[in-house]
Novice: 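This is the structure I have questions about; it appears just below.
Throughout, residue positions are numbered sequentially from 1 according to the sequence presented. Remember, it's 1-based here, ligands and their atoms both numbered in the order they're listed. Quick caveat: nothing in here was measured; it's all calculated off a predicted structure.
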Amino acid sequence: MEKKTFYITTPIYYPSDKLHIGHTYCTVATDAIARYKRMRGYEVMFLTGTDEHGQKIEEKAKAAGITPQQFVDRIVTGDKGVLDLWKLMNISNDRFIRTTDDYHVQSIQRIFKKMYEKGDIYKGAYKGKYCTPCESFWTESQLVNGRCPDCGREVHDAEEEAYFFRLSKYAKPVQELLESGTFLEPASRVNEMINNFIKPGLEDLCVSRTSFTWGVPVDFDPGHVVYVWVDALFNYCTALGLFNDKYHDFDKFWPADVHIVGKEIVRFHSIIWPAMLMSMELPLPKKVYGHGWLVIDGGKMSKSKGNVVDPYLLAGMFGVDALRFFLLRTFPFGSDGNFSNELLISTINTDLANDLGNLVSRTTAMVEKYFGGQLPAEQMSADPDSELEQLMADTAAAYAAEMDAFQLHLALEAVFRLIQRANKYIDETAPWALAKDESNKPRLAAVLYHLVEALRNALTMLTPFIPESCDKAFAQIGAEPADRTWEKAGRFGVLPRTVSVRKGETLFPRIDAAKAIAELEELERRAKGPQVKVEPVLPAVTIDEFAKNDMRVCKVLDCTAVKKSKKLLCFSLDDGSGTPRQILSGIHEFYEPETLIGKTVVAIVNLPPRKMMGLDSNGMLLSAVREVDGKEELHLLTLPDDVPAGSRLA
Ligand code: MSP
C-alpha cells in the first residue's frame, strides 16, 4: 500500500539580515511536526528556503557595495548563514528552495503569464502608500496612525505603471473558504482576516514593480519585475516542480497539508495565496497555521531595536536540544511568548535536568546497582501497576491528538505528566527499601521494568522535539530502533523483561542560572561590540558666534594633582604670551599628571576665570569625550609638537 503523504512548509526567509531566535522558533516547530508525521508513517515533504528578491535586498546590497546575488549568497550559504543555522538546529527539511534558483524564476514567469492570459492580471497605474522595508502597498484605511500596520514605520506615496491581480474577484470565495472548515487556524485569526481585510473591501493587488530591478522579470514586459510576494508564495508549488523540470513531485504532494506561518504574514497566506491558486485553478492548501511571535519585553525583536537574540549563542551555551525544547514547551504555539534567558534556564533545569534527566539517571543507576545492569525476567513479579500502565496509553493518545492539532506545548505537557508520574512512582515504591530484602527482588524488578517502559514511551514522544538526546537516552535504557517506533508507543511490555541498561553521560546538566546569565550577557555584549552613545548635533551657530571662541595651542610646562581632589589636575601652560597660564582640568581619572608634561594641547582661553579648590583656572583644555557601554571615555586633545604655542585654532 502506498504511504500517505504530508506536505508541510515554513515561510521562506528574507536573507536581509542574519536569522534570529524568532525565525528559529518557526522552523523548529515545523521540524517537530514533520518528524512527528514521519514517525506516524507519513511520507513527508518538509520545505523551507529563502525569499531573496525585492527592493530591501537591492538597497542593502547597494549600501554594502556588492551585487544583490552576492549579498544574499553571504547570508544564505555563508558562515553562520541560513543553511548553517538549520544544520546546527538539526532541521530535517527535505528540500530547500532559493527564489533566485533558475527553475523557480522560470516557473514564476510562466505562472505570471498564465494569470495574465486568463485576464486575472491586467495593466494599470498604482497610486498608494508604500512601506519599503515590508515591500507592501497599503490603502489609506489600512494604515495605523498613518504608518505601516505591520512594522509601524513611515510609508510614502508611490505611483507607478503596474500590473494588478484581480483580488477583488476572489473576495467572496476567499471569505467562504475562511468561514468554512478549518482552513485557517487558530480560529481567532479568521475574524481578524475577515474584519480587517475582507469586510473593508478587497482591492486588486499590485503585482509588478518598475522602481527597482532585483526580482523576477516579467518576460513579456521588460522593465517590470514580479511583486516579491507573488514570487515568494508560489515557491510552495515550484519547489515541487510546478512549471519546471527540476522536480516532479507536484501531483504527489500538492495540495500542502499545512503552511506554518508567523501571524504577520497570515494575510498573505490566507487571502492572497488562495485567491491566486483559484485563479491558477489549482487545489488549495488544506491549512494555514498562524503562530505567534517570540517577543522581548512585549515587543517584537528587531535589528533596529538591538534586541535580537542569537540562536548560535544560545545553542552553543545550552545545547541544540535544550533550545529546541524550550521554544516548543514554553509558549503556546498560536500565541505570542515573552522570551527571556531566565525562562530558558528555568525550563531546562525543571523539565530536562530535573524531571527527565533524573528519571533517566535514577532508573539506569538502580538497574545497575540492584541487578548489575540487566533485569531478571524469571524473577520478575507480574504485579500490574495499572495506573502507570494506563497513563502510558492515555499519554500517547493525548499526545497524538495535540500534535495533530499543532498544539505542541500541550503535547509536551502530556509527556511531562507521564514523566512526573514516573518520578513519583519511584518515591511511592521506594526501590531502595525493597532492595534491602532479598524476598522483594521480584517486586523490585517489576518496579524498575515499569520505569524503563515509562521512559521508552516518553522518549518516543519526545523524539520529534529533542532527537539527539532521545537517541542517547534510548541507548541507555537498552531500546533498539525497533522499540522506538510510534506503533510501540502507548503500550506497556514492549522491551524484553531481561532488558540491559547502561548508565551514561548526564543528558542535561543543571545550569547555574546566575553564572550562565552573567556569561550570556557578557557574550551578547561582546557580540554587539562597544555601545557608543553618539550625542545629537547641537543647534546651529553662525561663523561669527563660533569665532568668538579663542582657542590656543599651549605647551604643558607643569602638571600636578590638586590636593584633596580626586579629579582635578593643575596645569601650568605656555600659551605663547610669555606668562604661564594656569588651568584646572577634571581629568585625573584618565591621566597621571607627570605623563602630560611637555604635551602640546589646546585650550579655550577667553572663558571667565573660575576658582576651584581655592585655585584660579583661566580657561579650559579641550578633550574628545564619548560614552562607551555607559562609561565616559576621554582623550585630551593633543597636537604634533612642532605646532608652536600661541597658534590660534580657526
Ligand atoms: N519572506 C517572507 C515569507 C514568505 S513565505 C512565502 C517572510 N520572511 S521573514 O524572514 O521576515 O520571516 C519568516 C518567518 O519568521 C515569518 O513567519 C515570521 O513570522 C517569523 N518570525 C520573524 N520574527 C519572529 C519572531 N520574533 N517570533 C516568531 N516568529 C517570527 O516573512
Side-chain angles (χ1 to χ4, degrees), residues 8-31 47-57 60 72 75-76 81-82 85-86 89 91 96-100 104 107-108 111 131 133-136 148 150-151 189 215-216 226-239 256 258-274 276-277 285 288-311 314 326-328 330-340 408:
I8 183 167
T9 67
T10 66
I12 49 173
Y13 295 84
Y14 280 127
S16 57
D17 286 305
K18 295 229 153 170
L19 300 193
H20 57 62
I21 195 80
H23 304 113
T24 311
Y25 175 56
C26 179
T27 311
V28 164
T30 310
D31 184 63
L47 173 73
T48 186
T50 42
D51 176 9
E52 305 186 358
H53 290 127
Q55 192 170 4
K56 186 161 55 172
I57 304 267
K60 287 209 161 197
V72 291
I75 299 185
V76 179
V82 181
L85 180 62
W86 297 156
M89 293 309 299
I91 302 302
F96 190 93
I97 184 170
R98 300 182 62 178
T99 56
T100 50
H104 171 80
S107 295
I108 292 299
I111 289 164
C131 173
C134 295
E135 324 247 10
S136 290
C148 171
D150 272 357
C151 71
R189 307 224 183 266
V216 175
V226 175
Y227 175 42
V228 70
W229 270 102
V230 175
D231 171 4
L233 285 162
F234 274 102
N235 92 88
Y236 301 131
C237 296
T238 63
V258 62
H259 295 308
I260 304 285
V261 304
K263 63 177 186 179
E264 85 283 19
I265 58 172
V266 163
R267 175 172 80 97
F268 295 96
H269 283 83
S270 67
I271 297 177
I272 298 171
W273 182 221
M276 287 195 301
L277 287 168
V288 171
Y289 193 94
H291 67 76
W293 282 344
L294 281 192
V295 297
I296 292 208
D297 301 327
K300 200 178 180 207
M301 282 177 215
S302 78
K303 194 161 179 248
S304 54
K305 282 195 217 155
N307 64 355
V308 288
V309 177
D310 178 4
L314 295 181
F326 163 71
L327 293 174
L328 304 181
T330 317
F331 309 114
F333 192 43
S335 333
D336 287 354
N338 219 335
F339 176 90
S340 77
L408 309 184

Novice: Which of the atoms in ligand 1, numbered in the order shown and given with their element, are less than 4.0 Å from a heavy-atom of His291?
Specialist: 28 (C), 29 (N)
Novice: Can you tell me the protein heavy atom closest to atom 15 (O) of ligand 1 and the distance?
Specialist: His23 CD2, 3.4 Å
Novice: Trp229 vs Phe268 aromatic rings, parallel, tilted or perpendicular, using cut-offs 30° and 60°?
Specialist: parallel
Novice: Taking only heavy atoms of Ala232 into account, list the atoms of ligand 1 that are under 4.0 Å away from them.
Specialist: 6 (C)
Novice: Out of Phe339, Tyr13, Tyr236, Tyr25, whose heavy atom sits nearest atom 6 (C) of ligand 1?
Specialist: Tyr236
Novice: Find all atoms of ligand 1 within a distance of less than 4.0 Å from any non-hydrogen atom belonging to Trp229, and give their numbers and elements.
Specialist: 2 (C), 3 (C), 4 (C), 5 (S), 6 (C)
Novice: What atoms in ligand 1 come closer than 4.0 Å to a heavy atom of Pro11?
Specialist: 3 (C), 5 (S), 14 (C), 16 (C), 17 (O)
Novice: Can Asp336 and Lys263 be counted as an ion pair, charged N to O under 4.0 angstrom?
Specialist: yes
Novice: Judged by modelled atom types alone, do Thr10 and Thr27 share a side-chain donor-acceptor pair under 3.5 Å?
Specialist: no
Novice: Please list the nearest protein heavy atom to atom 19 (O) of ligand 1 with its residue and the distance rounded to 0.1 Å.
Specialist: Glu264 OE1, 2.8 Å
Novice: Students should be able to answer this: which protein heavy-atom is nearest to atom 24 (C) of ligand 1, and at what distance?
Specialist: Gly22 CA, 3.7 Å
Novice: Show me which atoms of ligand 1 lie under 4.0 Å from any heavy atom of Gly262.
Specialist: 17 (O), 19 (O)
Novice: Suppose we measure from atom 31 (O) of ligand 1 to each protein heavy atom; which comes out shortest, and what is that distance?
Specialist: Ile265 CG2, 3.7 Å
Novice: Do the two ring centres, one from Phe326 and one from Phe331, sit under 6.0 Å apart?
Specialist: yes
Novice: Could you walk me through whether Val72 and Thr50 pass the side chain to side chain contact (heavy atoms under 4.5 Å, CB included) check?
Specialist: CA-CA 9 Å; Val72 291; Thr50 42; over 6 Å; no
Novice: Any side-chain heavy atom of Ile12 sitting closer than 4.5 Å to one from Phe96?
Specialist: no
Novice: State the atoms of ligand 1, each with its element, that fall below the 4.0 Å cut-off from a heavy-atom position in His20.
Specialist: 23 (N), 24 (C), 26 (N)
Novice: With rounding to the nearest 0.5 Å, note down the distance linking NE2 in His53 to CZ in Arg98.
Specialist: 10.0 Å
Novice: Under 3.5 Å, N or O to N or O, is Cys26 touching ligand 1 that way?
Specialist: no
Novice: Verify side chain to side chain contact (heavy atoms under 4.5 Å, CB included) between Leu327 and Ile21, making sure each step is shown before the conclusion.
Specialist: CA-CA 9 Å; Leu327 293 174; Ile21 195 80; 4.1 Å; yes
Novice: Any idea which protein heavy atom is nearest atom 3 (C) of ligand 1, and the distance to it?
Specialist: Ile12 O, 3.2 Å
Novice: With atoms numbered from 1 as shown, which atoms in ligand 1 lie under 4.0 angstrom from a non-hydrogen atom of Gly292?
Specialist: 28 (C)
Novice: For Phe333 and Ile260: C-alpha separation, side-chain torsions, deciding distance, then whether side chain to side chain contact (heavy atoms under 4.5 Å, CB included) applies.
Specialist: CA-CA 11 Å; Phe333 192 43; Ile260 304 285; 3.8 Å; yes
Novice: Using distance alone, determine whether Asn235 and ligand 1 share an N or O pair under 3.5 Å.
Specialist: no
Novice: Is the backbone N or O of Tyr289 less than 3.5 Å from a side-chain atom of His269, with the two atoms forming a donor-acceptor pair by type?
Specialist: no
Novice: With a 3.5 Å distance limit and no angle check, can you tell me whether Thr9 reaches the backbone of Leu47 through a side-chain donor-acceptor pair?
Specialist: no
Novice: Under 4.0 Å from any heavy atom of His269, which atoms of ligand 1 are there?
Specialist: 5 (S), 6 (C)
Novice: Among all protein non-hydrogen atoms, which one is nearest to atom 11 (O) of ligand 1, and what is the separation to 0.1 Å?
Specialist: Tyr14 CD1, 3.4 Å
Novice: Suppose we measure from atom 26 (N) of ligand 1 to each protein heavy atom; which comes out shortest, and what is that distance?
Specialist: Leu294 O, 3.0 Å
